[in-house]
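Side chains are part of it too, since the values below use all heavy atoms of this structure and drop only hydrogens, waters and symmetry mates. All residue numbers refer to positions in the sequence shown, counting from 1.
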Amino acid sequence: MDTRAAQHPPADLFCFSHLRWDFVYQRPQHVMSRFARTRGVVFVEEAIVEAGVEPHLRCSDRAGGVRVVVPVLPEDQGDRDAIALQRGLLSDFVEQHGTPSPTFWFQTPMSLPVAPLDLAGAVVYDCMDELGAFHGAPPALAFNEKQLLSRADLVLTGGRALYEAKRSKHPNVHCLPSAIDAAHFARARHHIHGATDCLTEVMDLPTGPRVGFAGVLDERLDIGLLADVADLRPDHQFVMVGPIVKIDPAELPRRANIHYLGLREYADLPDLMAEWDVAIMPFARNAATRFISPTKTPEYLAAGLPVVSTGILDVVRTYGEPGLVAIADDAAAFAAAIDAAVGVKDDPTRLRAVTNALKDVSWDSIWSRMAALEQMAALEQRSLPEPPSAGPVGEGQRENAADVR
């Protein structure tokens, strides 16, 4: 174990996440970074497997005071043994470096079997996605979520559709949609155009309207729609920023006017978006997108971009109905909506409407509400039942889900 962990003050919040801290910067990083301003925060990632190692925890620090802890396991461990090893390592860590009865904050039910619940105080389930709807979801996920809901003192959801799906399953569910760092993305409105290290590929694109997407490229992307729209608008340049996850890169449409730039730093996104004329969200309509509430919607809007999206429920309700985002579900309508959006980026009336709509959608505001609810749950914590058993361990219990957004 990294001895530097002992130099930190005791941690009173342990976040168990399916997302790697250094992956796409999103809800867990925004929330935990804010908690870490005043509290000891440990971010527990899923285990990794390495040859020839003894089981241990790999600890490292991130800016802002968050400690990242990764269980490292040897090869050829059965699922049950792997769970027991992780629970033992984490139990020792919490006892040595945590406060008495710290809050356990779960981003995924799959962390429940490895968490030493007997040491927890308040238990929070921050449900940011319906992970069971994703392709290849571990078979044990549904059972683990049921157990987590029975143990949690507080349940948060990342969007309205998720709230409606969970509110009957727990007595203390609150809808707290993902938000934005408005000042960060507003930099795009005042960007001085010119080539920098992060912009070279965009600046070198052929002329024509630039249509951008920033996010994970996975099963939620409607690759057929993207291909058809690119074919309908061959003079437009489609800039796709983000990692390709859980789909074969060969399946992505390849066109002269579609450009895949890969994962970029969160800090660089405003500069990239400043070079776009329109932002798009060409999501498929499938089980994986039924409950999503894309963070990129307010991020695009804060950057000053007009937005075109398929009819994702939370997007339609929150941004489509007020007229802030154009909704289109077939290629012809999507292309026409892009046409209508080109040239309106700097319209002052539109920008004022966007600014007004986003004024209460800040991460500081969402985090402060989360913090108040968590503190209330800790104060009013009910008598806890015996910790749930690990339950059935099916194929995929140790599967790395860090690429699920």
Testing the basics here: between [X] and [Y], what is the closest heavy-atom pair and its distance to 0.1 Å?
X	Y	value
V239	L205	CG2-CD1, 3.6 Å
A340	V344	O-CG1, 3.7 Å
L263	P243	CD1-CD, 3.7 Å
P9	R67	O-NH2, 3.4 Å
T295	S178	OG1-CB, 3.2 Å
P282	L225	CB-CD2, 4.0 Å

>> According to ring pair (Phe, Tyr, Trp, His ring centres under 6.0 Å), does anything in residues 247-274 pair up with another residue at least two apart or in another chain? List the pairs.
In response: Y25-Y266, H30-Y266, H184-Y266, F185-Y266
>> Once ring pair (Phe, Tyr, Trp, His ring centres under 6.0 Å) is applied, what residue pairs with a partner in residues 231-257 remain, sequence neighbours excluded?
In response: none
Would you indicate whether the side-chain heavy atoms of [Y] and [X] approach each other to under 4.5 Å?
X	Y	value
D126	E374	no
V307	I280	no
P253	I258	yes
V211	Q237	no
F104	V44	no
S365	D360	no
H174	M370	no
V94	P102	yes

If only atom types and distance count, is the side chain of [X] paired as donor or acceptor with the main-chain N or O of [Y] below 3.5 Å?
X	Y	answer
Y125	Q107	no
R160	C175	no
N257	A230	yes
N286	T289	yes
R350	G304	yes
D330	A332	yes
Q29	Q26	yes
T157	L162	no
D277	G343	no
E45	W21	yes

Rounded at 0.5 Å granularity, tell me how far [atom1] in [X] sits from [atom2] in [Y].
X	Y	atom1	atom2	answer
L57	L89	CG	CG	4.5 Å
R37	R34	CZ	CZ	5.0 Å
M110	L112	CE	CG	10.0 Å
L156	C127	CG	SG	9.5 Å
F14	F43	CZ	CZ	13.5 Å
L221	L226	CG	CG	6.0 Å

> If you measure from the Lys or Arg side-chain nitrogens to the Asp or Glu carboxylate oxygens, is any gap between E50 and R58 under 4.0 Å?
Replying inline: yes
>> Regarding K166 and E145, does a basic nitrogen lie under 4.0 Å from an acidic carboxylate oxygen?
In response: yes
> Under the salt bridge (Lys or Arg N to Asp or Glu O under 4.0 Å) criterion, do D218 and R220 qualify, and how do the steps go?
Replying inline: CA-CA 5 Å; D218 60 12; R220 293 169 295 179; 2.7 Å; yes
>> Could you go through M376 and L379, starting from their C-alpha distance and side-chain angles, then the distance that decides it, and tell me whether this counts as side chain to side chain contact (heavy atoms under 4.5 Å, CB included)?
In response: CA-CA 5 Å; M376 188 179 300; L379 289 171; 5.8 Å; no
>> Using salt bridge (Lys or Arg N to Asp or Glu O under 4.0 Å), reason through K169 and E164 one step at a time and then give a plain yes or no.
In response: CA-CA 10 Å; K169 299 180 179 180; E164 292 171 354; over 6 Å; no
Expected list for residues 319-329: side-chain donor-acceptor pairs under 3.5 angstrom, two or more places apart:
unit_1	atom_1	unit_2	atom_2	d
D329	OD1	G311	N	2.8
D329	OD2	R285	NH1	3.4

>> Please evaluate residues V229 and I338 with respect to the criterion side chain to side chain contact (heavy atoms under 4.5 Å, CB included), reporting the C-alpha separation (whole Å), side-chain torsions for both, the decisive distance (0.1 Å), and the verdict.
In response: CA-CA 9 Å; V229 174; I338 291 173; 3.9 Å; yes
> Do other residues, nucleotides or ligands put more than 12 heavy atoms under 6.0 Å from the CZ atom of R39?
Replying inline: yes
> Does the pair H8 and H97 meet the rule for a side chain to side chain contact (heavy atoms under 4.5 Å, CB included), with working shown?
Replying inline: CA-CA 8 Å; H8 292 270; H97 305 296; over 6 Å; no
>> Quick one, D346 with R189, criterion salt bridge (Lys or Arg N to Asp or Glu O under 4.0 Å). Give me CA distance, side-chain angles, the key distance, then yes/no.
In response: CA-CA 8 Å; D346 297 321; R189 303 190 192 188; over 6 Å; no
> Are V114 and L90 close enough, and set up right, to give a side chain to side chain contact (heavy atoms under 4.5 Å, CB included), and what steps lead you there?
Replying inline: CA-CA 8 Å; V114 306; L90 291 169; 4.1 Å; yes
>> Under the side-chain contact (heavy atoms from CB on, under 4.5 Å) test against M281, which residue among I292, I312, T297, V308 passes?
In response: T297
> So, for F35 and W105, is the gap between ring centers shorter than 6.0 Å?
Replying inline: yes
> How about F16 and F106: are their ring centres within less than 6.0 Å of each other?
Replying inline: yes
